[in-house]
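Read through the structure below, which is laid out as structure tokens, and then see the notes.
Order of appearance sets the numbers: ligands from 1, and atoms from 1 within every ligand. Please read these numbers as outputs of a predicted model, since none were measured by experiment. The basis for the numbers below is simple: all heavy atoms, side chains too, and nothing from hydrogens, waters or symmetry mates.
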Amino acid sequence: MQEQIKNIQTLEELQALYSSVFGKNGSMTAKLREMKNLDNDARAALNAENVMLRELFKTRQAEIENAVILAGLEKQKLDPTLNPMPENRGTLHPLTKSLCEISAILESFGYEMRTGPEIEDDWHNFTALNTPAHHPARDMQDTFFLENGNVLRTQTSAIQIRAMEADGVPIKMFGIGVTYRKEMDATHTPMFHQVEGLYIDKKITMSDLIGDIRAFLKRFFELDDVELRIRPSYFPFTDPSIEVDIKWHGGKLDGKWLEIMGAGMVHPNVLRNCGINPDEYQGFAFGFGLDRLAMLKYGLDDLREFYNGDVRWLRNSGF
Ligand code: DAH
């Protein structure tokens, strides 16, 4: 019996043998039942055999279990010389990246970052910006209206009003954030991002404005120089108003003039609406679409790709 136990290789066989010895109909169970008929010496011998066999089973079980573990370890040997699995790191969304870059550039020019709510009241989004009710310029923007008369901010220009109301002048700030309009095609999405700059002091001129725009575009597009075209335009909150085009080089748009931003000298009515005396202070404002600038920088055709949330696109877009 002892040899038999020692030669068993699997837990199943060991279990079967154990049952045949110690089970209900097992050989040892039968012997133990008859114990009362034995003399003292025979009882002692049977006891000893019982204990010894149980020990043997236990020992063999531990040996087999150990062997199973060792065999498993043998199969999955660790090779510390192999290269580790590549890390699956996340990356910043290209819009987030552009947002950080733009903020860093404007901050380095001395503009301080300001924010405002995305649900805006009529005063900050329109009226204070010299666009009172029934002003035709309200039609320039396809506004989402809320039932209580508030709007989803159509322009970050609202932030410049909030900043001037809160801090007065002199002020040099920029706002960056989400804006909403009812439009959707390859270059428009109902939610997009705008950047707004404002600089008001006693001797600010149009050439300061153009200087900062030029310096900003050079830094953002990483160019030694940029060719700009300044066109007269109309915005209710600036006078004179301009639009700035950039001569694009490279890619499908090579050689084309692209409209980049609106800007101008802040309208006296806007300053008055914020409690500022326009005879004492004046300055400029500019505003542009962050998404459009990011599209140009990264060579994208379709703005909607930014918002599809397709991880494969984000991985392969090379940002
Ligand atoms: N708010 C304008 C828009 O959404 C952009 C703009 C134009 C902002 C001229 C300005 C500005 O601050 O001076 O189209």
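- Between the side chains of Arg272 and Asn269, a donor-acceptor pair is found at a separation under 3.5 Å.
- Rounding to the nearest 0.5 angstrom, the gap separating the CG atom in Leu14 from the CZ atom in Phe57 is 6.0 Å.
- Taken from CE in Met173 to CZ in Arg162, the straight-line distance is 11.5 Å, to the nearest 0.5 Å.
- A search for ring-ring contact (aromatic ring centres under 6.0 Å, His included) contacts involving Phe126 returns nothing, not counting sequence neighbours.
- Of the N and O atoms on the side chains of Tyr199 and Asp212, not one donor lies less than 3.5 Å from an acceptor on the other residue.
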Check ligand 1 for close polar pairs with the protein: N or O on both sides, less than 3.5 Å.
residue	atom	partner	partner atom	Å
ligand 1	1 (N)	Gln155	OE1	2.8
ligand 1	1 (N)	Ser157	OG	3.0
ligand 1	4 (O)	Arg181	NH2	2.6
ligand 1	4 (O)	Gln194	NE2	2.9
ligand 1	12 (O)	Glu196	OE2	2.5
ligand 1	12 (O)	Phe286	O	3.4
ligand 1	13 (O)	Ala285	O	3.1

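- Proximity of Leu209 to Ile242: side-chain heavy atoms (C-beta onward) are separated by under 4.5 Å at one or more points.
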